[in-house]
Amino acid sequence: MGELEFIVGDQTFTATLLEDEAPESIAAIREFLPLDSEIQHVRWSGFAGWVNIDEVDLPDLPRENHTVYPSRGDVLLYPGYKNDQEILIPCGPTCFKSPAGELAGNHVAILDATREELAALEVSLLKDGSQPITIRER
């Protein structure tokens with residue numbers, strides 16, 4: 001199983017890729033990594049952070065292992081069916097939404113982080129605003 005690394009400030013999280021459940025999405029992610037960007041708190045979805053990837057030229061991706069209600073630590077790739085392309089990282093209760101309504105993102109990885117670590121990340125995004133993030137394959 002492949003893994004991703006998410007580096008936010010002085011924290012590094014790893015995530016196990018769900019290669020069998022979302023193979024086309026995983027292949028697309030591998031094409032644009034490593035990624036240096038910013039993570040910010042979601043506006044509509046609850047307790048999560050998101051990384052805008054509109055500058056990435058994603059192929060047409062099917063809905064794979066998609067969900068509107070990801071669990072804490074589930075990493076979603078949203079290819080921009082109705083809204084901006086993004087990576088969503090739920091830190092707590094999340095319903096993936098936009099002004100266009102509910103969105104279903106492709107569940108591509110599971111973050112290896114405790115409830116407390118994710119809660120601290122979410123509080124940090126709320127308190128301090130957007131932060132630099134690096135996403136790369138391990």
Side-chain angles (χ1 to χ4, degrees):
M1 282 272 170
E3 289 185 327
L4 297 179
E5 234 177 21
F6 293 79
I7 303 164
V8 181
D10 61 355
Q11 293 185 313
T12 300
F13 302 100
T14 59
T16 302
L17 290 169
L18 302 174
E19 298 182 72
D20 291 337
E21 294 87 343
E24 290 184 50
S25 297
I26 300 299
I29 289 170
R30 285 184 166 131
E31 288 296 316
F32 69 77
L33 292 182
L35 176 72
D36 291 312
S37 190
E38 288 189 335
I39 184 170
Q40 57 190 322
H41 196 273
V42 297
R43 292 175 286 196
W44 309 99
S45 300
F47 300 93
W50 73 289
V51 180
N52 184 304
I53 56 168
D54 268 348
E55 74 281 357
V56 173
D57 186 20
L58 289 175
D60 288 334
L61 292 172
R63 295 184 188 273
E64 295 182 303
N65 199 30
H66 59 285
T67 183
V68 174
Y69 297 98
S71 295
R72 176 184 295 110
D74 289 351
V75 178
L76 303 186
L77 172 66
Y78 183 71
Y81 306 118
K82 290 185 189 177
N83 202 38
D84 295 335
Q85 295 179 160
E86 66 182 86
I87 295 171
L88 182 81
I89 302 172
C91 299
T94 301
C95 175
F96 191 22
K97 296 181 185 181
S98 78
E102 289 184 350
L103 305 173
N106 294 349
H107 182 196
V108 296
I110 299 174
L111 213 56
D112 180 21
T114 67
R115 174 186 304 253
E116 293 77 21
E117 289 171 327
L118 290 170
L121 173 61
E122 195 245 342
V123 167
S124 166
L125 293 172
L126 277 171
K127 181 181 165 195
D128 303 325
S130 65
Q131 298 175 33
I133 185 170
T134 297
I135 305 171
R136 61 185 179 208
E137 191 163 12
R138 280 181 53 135

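What's counted below: heavy atoms across the whole structure, side chains too, no hydrogens, waters or symmetry copies.
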Contact between Leu4 and Val75 at the side-chain level, heavy atoms closer than 4.5 Å - yes or no? no
Taking a hydrophobic cluster as the set of Ile, Leu, Val, Met, Phe, Trp and Tyr residues connected by side-chain heavy atoms closer than 4.5 Å, whether directly or through intermediates, do Leu103 and Trp44 fall within one such cluster? no
Atom pair CG/CD of Asp60 and Glu24 - distance to nearest 0.5 Å: 10.0 Å
Asp36: partners by side-chain hydrogen bond (donor to acceptor under 3.5 Å, both in side chains), with sequence neighbours left out: Thr134
Quick check: do Leu58 and Phe32 have side-chain heavy atoms less than 4.5 Å from each other? yes
ILVMFWY network linking Leu88 to Ile110, side-chain heavy atoms under 4.5 angstrom: no
Which heavy atom of Glu64 sits nearest to which heavy atom of Pro23, and what is that distance? OE2-CD, 3.3 Å
Heavy-atom nearest pair, Glu38 first then Ser130, reads OE1-OG, 3.5 Å
Do Ile53 and Leu33 sit in one hydrophobic cluster, given that two such residues count as connected whenever their side-chain heavy atoms are within less than 4.5 Å of each other, even indirectly? yes
Nearest 0.5 Å please: distance from the CD1 atom of Ile7 over to the CD atom of Gln131. 13.5 Å
Determine the minimum heavy-atom distance between Ala15 and Ala109, stating which atoms define it. CB-CB, 3.9 Å
Just wondering, are more than 12 heavy atoms of other shown residues or ligands nearer than 6.0 Å to CG in Asp57? no
What's the spacing between Phe96 CZ and Glu86 CD if we round to 0.5 Å? 4.0 Å
Under 3.5 Å: donor-acceptor pair, side chain of His41, backbone of Arg43: no
Could you tell me whether the side chain of Asp54 and the main chain of Gln85 form a donor-acceptor pair under 3.5 Å? yes
Is any side-chain heavy atom of Leu17 closer than 4.5 Å to one of Glu137? yes
For Leu76, which of Thr67, Asn106, Thr94, Val108 qualifies under side-chain contact (heavy atoms from CB on, under 4.5 Å)? Thr67
With the 4.5 Å side-chain cut-off for hydrophobic clustering, are Val42 and Tyr81 part of the same group? yes
Are Leu61 and Leu35 grouped together when hydrophobic residues (ILVMFWY) are joined by side-chain heavy atoms under 4.5 angstrom apart? yes
How long is the gap from CH2 on Trp50 to CD on Gln40, to the nearest 0.5 Å? 5.0 Å
Heavy atoms, side chains only, cut-off 4.5 Å: are Phe6 and Ile133 in contact? yes
Going by salt bridge (charged side-chain N to carboxylate O under 4.0 Å, His left out), name the pairs with one or both residues in residues 97-122, residues two or more places apart or in two chains. none
Note: Ala113 and Leu118 closest approach over all heavy atoms is CB-CG, 3.9 Å
Would one find more than 12 heavy atoms of other residues, nucleotides or ligands at under 6.0 Å from atom CD of Glu31? no
I need the minimum non-hydrogen distance between Leu111 and Phe13, along with the two atoms involved. CD1-CB, 3.9 Å
d(Ile87 CD1, Ser37 OG) to nearest 0.5 Å is 8.0 Å
Please name the pair of heavy atoms, one in Pro34 and one in Arg136, separated by the smallest distance, quoted to 0.1 Å. CB-CB, 3.9 Å
Going from NE2 on His66 to CG on Leu77, what distance comes out if it is rounded to the nearest 0.5 angstrom? 13.5 Å
